[in-house]
Engineer: 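My questions all concern the structure below.
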Amino acid sequence: MQTTPVTALLAGRIPVGTAVRVQGWIRTRRDSKAGLSFLHVHDGSCFDPVQVVAPSDLPNYTSDVQRLTTGCSVDVTGTVVASAGAGQSVEVQAASVRVVGWVDDPETYPVAAKRHSFEYLREIAHLRPRTNTFGAIARVRNCLAQAVHRYFHERGFCWIHTPIITASDCEGAGAMFRVSTLDMLNIPRTPAGGVDFSNDFFGKEAFLTVSGQLNVETYACALSKVYTFGPTFRAENSNTTRHLSEFWMIEPEIAFADLAADADLAEDFLKAIFRTLLEERADDMKFFADRIDRSCITRLETFIDASFERMEYTEAIRRLEKAVSDGRAFEFPVRWGCDLQSEHERYLTEELVGRPVVVMNYPKAIKAFYMRLNDDERTVAAMDVLAPGIGEIIGGSQREERLDVLDRRIAEMGLDAAPYWWYRDLRRYGTVPHAGFGLGFERTIIYATGMANIRDVIPFPRAPRTAEF
RNA sequence: UCCCCUAUAGCUCAACGGUAGAGCGAGCGGCUGUUAACCGCUAGGUUCUUGGUUCGAAUCCAAGUGGGGGAGCCA
């Protein structure tokens, strides 16, 4: 007999009277002296468990059913009935309850049917998906990932699988993890005493990618509209609620596009995936609003309805300076040429504008070499999308498509042009204005759910000294 | 990497220099078409480790280890 997902039962898609089979794990068991037990069975297909009513005339009632504890796995067959109790419209009247797997020692089962701290649950990452919160996170995460792909697919974007391993050391967006098969106890040396990487697996130094952008630009300059969505690695020793050593990043790249088009895409894209989330995961979002962050749903609704403010960096500095002169105190000084600190970003989006803000055209000195130099020669076509409650959520830019300018910028920043030969080739052969942005997937989930720590929105977080699972 | 906080029962915490407690969870019993039910009883701790101060340390001090928060870096 086929298994019916709990979500189908609770959504009312299965008529009363239908014979069904439910497979899942026990959340709670309550015995009634009326001669029956109530089993809450969850299978992860939706937020709520289904109530199974197990009558005492089941042959294994005392031997099995009454010994069920939180975490046991069961295989139930029965009939969908209208619930006689409040709290659920339908339930399953069991004809048989087969215990598939017992819980070894209920006394020490780590996931009791009670509140647990997130710190504790991080230590049992293999069992935490059985809790309300982590089940909800998993479904929200999946929903957003599917929404990302659907958004781009429906608009003719091609998903490009940029490499995880990169043998070019030209990414420069932070510390990288080395990939090597060299025997660390017996490292081959060059005559000069350095490491002889010609003996290594790739014949040269290799690392885990810190961004797929440079690679995906090559496909944008052929397929017009592309994006990457995959794991990204940073070996920074940062220990915060907003950083991971391994995280997922979304990086669209569009050809024949300028910074304004990039900002328009960012706005439309964010609104679309959040709209999908509210539509498809109302049950989980209600949980987050009830238990994690009261404002998470209204925050998304406001976000979707608001039009994003566009503001020049120079204007942003002017407004911040005015705020300072009006008595607003910031920990970090405000000056043209400085990068915006989180406190500045939050002031702009939360207090000054009260809506998402796209800050555009930053000083070239604080941005990457590949960003397009503006006519003023002082700024580059970079943008940050700032949102109330989180600050920067997206960073992007129009890319420098003019070879001579690109070379000048590479030299200005003291970089070696040689490794960028293939990146420069794009500017030699049919170059075209193009732009793109990067969105940290886990930070998006944090924003949507109100979860406080990024380690709780990815199944198995990797961070300094953290790779147990 | 820097700064701060913290470590007591399976979990969340109390005890703040004088014999280690509660709630939840667990076991047993009672009660009930129950809703993370309710009532009673029971079991459960070498107070993170090492060293120090003291007649006496969960408590004070030092170092270490684990955990958390903030900063920086960034997505």
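Numbered from 1 within each chain, the chains take letters A, B, ... in sequence-line order. Since we're looking at a predicted model, the values are computed, not measured.
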Engineer: Could you work out the separation of B:A15 and B:U8 based on their C1' atoms and round it to a whole Å?
Structural biologist: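 My reading of the C1' atoms in B:A15 and B:U8 gives 9 Å.
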Engineer: Under 4.0 Å, counting only non-hydrogen atoms across every strand here, what does A:G85 touch: a base, just sugar-phosphate, or nothing?
Structural biologist: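 Base: the residue A:G85, judged by heavy atoms under 4.0 Å, touches a nucleobase.
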Engineer: Tell me which nucleotide among B:G33, B:U32, B:A36 gets nearest to the side chain of A:K33.
Structural biologist: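 Nearest nucleotide to the side chain: B:U32.
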Engineer: Does any nucleotide pair with B:A62 by Watson-Crick or G-U wobble geometry, both distances under 3.5 Å, and what is it?
Structural biologist: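 Result: B:U50.
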Engineer: Taking it one step at a time, do A:W248 and A:T232 satisfy side chain to side chain donor-acceptor pair (under 3.5 Å)?
Structural biologist: CA-CA 6 Å; A:W248 286 60; A:T232 308; over 6 Å; no
Engineer: Taking atom C1' in both B:A36 and B:C73, compute the distance separating them and give it to the nearest angstrom.
Structural biologist: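 That atom pair is separated by 42 Å.
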Engineer: Is it the case that B:U34 (base atoms only) and A:Q88 (side chain only) share a donor and an acceptor within less than 3.5 Å, ignoring hydrogens and angles?
Structural biologist: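 Answer is yes: a donor-acceptor pair is held.
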Engineer: Take atom C1' in B:C16 and the same atom in B:G21, then report the distance between them in whole Å.
Structural biologist: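 Result for the C1' pair: 15 Å, nearest Å.
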Engineer: Can you find a side chain N or O atom of A:T240 that sits less than 4.0 Å from OP1 or OP2 on B:G69?
Structural biologist: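 Looking at the OP1 and OP2 atoms of B:G69, neither is under 4.0 Å from any side-chain N or O of A:T240.
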Engineer: Check whether any side-chain N or O of A:Q341 sits under 4.0 Å from OP1 or OP2 of B:G72, and answer yes or no.
Structural biologist: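 A:Q341 to B:G72 OP1/OP2: side-chain N or O found under 4.0 Å.
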Engineer: Could you tell me whether the side chain of A:H116 has a donor or acceptor atom within less than 3.5 Å of a complementary atom in the base of B:C11?
Structural biologist: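 A donor-acceptor contact between them is absent.
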Engineer: Tell me every residue that passes ring-ring contact (aromatic ring centres under 6.0 Å, His included) with A:Y219, counting only those two or more places apart in sequence or in another chain.
Structural biologist: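 Scan of A:Y219 (ring-ring contact (aromatic ring centres under 6.0 Å, His included), adjacent residues dropped) gives none.
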Engineer: B:G72, B:A36, B:G68: which one has an atom nearest the side-chain heavy atoms of A:F332?
Structural biologist: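 Closest nucleotide among those given: B:G72.
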Engineer: In whole Å, measure the gap between the P atoms of B:U54 and B:U42 for me.
Structural biologist: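 Between the two P atoms, the distance is 42 Å.
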Engineer: Does A:Y447 have A:R299 sitting over its ring (NZ/CZ under 6.0 Å from centre, angle to axis within 45°)?
Structural biologist: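 Relative to the ring axis of A:Y447, which defines the angle, A:R299 lies inside both limits.
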Engineer: Whole Å only: how far is the CD atom of A:E343 from the P atom of B:G70?
Structural biologist: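 In whole Å, B:G70 P and A:E343 CD are 15 Å from each other.
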Engineer: Is any side-chain N or O of A:S32 closer than 4.0 Å to OP1 or OP2 of B:G33?
Structural biologist: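 Yes.
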Engineer: What interatomic distance, in whole Å, is found between P of B:A57 and the corresponding atom of B:C61?
Structural biologist: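 It comes out at 16 Å once rounded to the nearest Å.
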Engineer: With a cut-off of under 6.0 Å to the ring centre and 45° to the axis, is A:R155 in cation-pi contact with A:Y151?
Structural biologist: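 A:R155 over A:Y151 ring: yes.
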Engineer: Of the nucleotides B:G70, B:G68, B:A37, which one has an atom closest to the side chain of A:T28?
Structural biologist: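 My answer, after comparing the listed nucleotides, is B:A37.
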Engineer: Could you tell me whether the side chain of A:E91 has a donor or acceptor atom within less than 3.5 Å of a complementary atom in the base of B:G33?
Structural biologist: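 Result: at least one qualifying N/O pair found.
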Engineer: Just checking, is any N or O donor in the side chain of A:Y423 or A:T218 under 3.5 Å from an acceptor N or O on the other one?
Structural biologist: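 There is no such pair between these side chains.
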Engineer: Taking the same atom, P, in B:C11 and in B:G51, what whole-Å distance lies between them?
Structural biologist: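 So the two P atoms sit 26 Å from each other.
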Engineer: Under a 3.5 Å limit for both distances, which nucleotide forms a Watson-Crick or G-U wobble pair with B:A20, could you say?
Structural biologist: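 Base-paired to nothing in any strand shown.
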Engineer: Which value, in whole Å, describes the distance between the C1' atoms of nucleotides B:U12 and B:G68?
Structural biologist: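 The answer is 15 Å between these two C1' atoms.
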Engineer: Could you tell me the separation between the CG atom of A:N239 and the C1' atom of B:U1, rounded to a whole number of Å?
Structural biologist: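 In whole Å, B:U1 C1' lies 11 Å from A:N239 CG.
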Engineer: Taking only side-chain N and O atoms of A:N453, does any of them lie within less than 4.0 angstrom of OP1 or OP2 on B:G69?
Structural biologist: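 Yes.
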Engineer: Rounding to an integer number of Å, can you tell me how far A:D105 CG sits from B:C11 C1'?
Structural biologist: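 So the two atoms are 14 Å apart, to the nearest Å.
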Engineer: Tell me: OH of A:Y120 to C1' of B:U12, nearest whole Å?
Structural biologist: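 Distance, rounded to whole Å: 11 Å.
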Engineer: If we call it a pair only when both distances are under 3.5 Å in a Watson-Crick or G-U wobble match, what pairs with B:G25?
Structural biologist: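 WC or wobble partner does not exist here.
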Engineer: Just the rounded figure in Å: distance from P of B:C74 to CE of A:M176.
Structural biologist: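 One finds 15 Å between P of B:C74 and CE of A:M176, rounded.
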Engineer: Rounding to the closest angstrom, what is the interatomic distance between B:A58 and B:A20 at atom P?
Structural biologist: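 Rounded to whole Å, the distance is 8 Å.
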Engineer: Identify whether any heavy atom of A:E442 sits under 4.0 Å from a base atom; if not, whether one sits that close to sugar-phosphate; answer base, sugar-phosphate or nothing.
Structural biologist: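 Here A:E442 touches no strand at all.
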Engineer: With heavy atoms under 4.0 Å as the rule, sort A:I394 into base, sugar-phosphate or nothing.
Structural biologist: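 Contact class for A:I394: none.
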Engineer: Which nucleotide wins on minimum distance to the side chain of A:R234, given the candidates B:C74, B:A26, B:G33?
Structural biologist: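 Looking only at heavy atoms from C-beta outward on A:R234, the closest nucleotide is B:C74.
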Engineer: Are A:T28 and A:R30 close enough, and set up right, to give a side chain to side chain donor-acceptor pair (under 3.5 Å), and what steps lead you there?
Structural biologist: CA-CA 7 Å; A:T28 57; A:R30 291 178 298 280; 3.2 Å; yes
Engineer: Is there a side-chain contact between A:R455 and A:L244 (heavy atoms, below 4.5 Å)?
Structural biologist: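 In contact.
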Engineer: Assess, by modelled atom type and distance only, whether the side chains of A:R291 and A:N132 contain a donor and an acceptor separated by less than 3.5 Å.
Structural biologist: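 Judged by distance alone, the side chains do not pair up.
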Engineer: Mind calculating the distance between CG (A:D31) and P (B:A26) to the nearest angstrom?
Structural biologist: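 It is 12 Å, rounded to the nearest whole Å.
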Engineer: With a 3.5 Å limit on both atom pairs, tell me what B:C2 is paired to, counting Watson-Crick and G-U wobble, or say none.
Structural biologist: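 When the pairing criteria are applied, B:G70 turns out to be the nucleotide that pairs with B:C2.
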Engineer: If I take atom CG in residue A:L121 and atom C1' in nucleotide B:U12, what distance separates them, rounded to the nearest angstrom?
Structural biologist: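 Atom-to-atom, A:L121 to B:U12, this comes out as 12 Å.
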Engineer: Test of understanding: with side-chain contact (heavy atoms from CB on, under 4.5 Å), list the residues that count as partners of A:V90, not counting sequence neighbours.
Structural biologist: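 Residues passing side-chain contact (heavy atoms from CB on, under 4.5 Å) with A:V90: A:V16, A:V80.
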Engineer: Can you tell which of B:G69, B:G68, B:G33 lies closest to the side chain of A:R122?
Structural biologist: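 For the A:R122 side chain, the nearest candidate turns out to be B:G68.
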Engineer: Starting at the 5' end of RNA chain B, which residue's closest nucleotide do you reach first, A:S245 or A:T466?
Structural biologist: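 Result: A:T466.
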Engineer: Name the residue closer to the 5' end of RNA chain B, choosing between A:S117 and A:S83 according to the nucleotide with the nearest heavy atom.
Structural biologist: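 By nearest-heavy-atom nucleotide position, the 5'-most residue is A:S117.
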Engineer: Find the distance A:R242:CZ to B:G68:P and express it as a whole number of Å.
Structural biologist: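 It is 17 Å, rounded to the nearest whole Å.
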Engineer: Categorize A:R128 for me: base, sugar-phosphate, or nothing, with a 4.0 angstrom heavy-atom threshold over every strand shown.
Structural biologist: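 No contact.
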Engineer: Among B:G27, B:G72, B:G33, find the nucleotide with the atom closest to the side chain of A:T69.
Structural biologist: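 Selected nucleotide: B:G27.
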Engineer: Does the structure show a Watson-Crick or G-U wobble partner for B:U35, both distances under 3.5 Å? Name it, or say none.
Structural biologist: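 Its partner: none found.
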Engineer: Establish, with yes or no, whether the OP1 or OP2 oxygen of B:A37 is under 4.0 angstrom from a side-chain nitrogen or oxygen of A:R30.
Structural biologist: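 For A:R30, the contact criterion (side-chain N or O under 4.0 Å from OP1 or OP2 of B:A37) is met.
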Engineer: Counting just side-chain N and O atoms, does A:R29 come under 4.0 Å of either OP1 or OP2 of B:A37?
Structural biologist: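 For B:A37, OP1/OP2 do not have a side-chain N/O of A:R29 under 4.0 Å.
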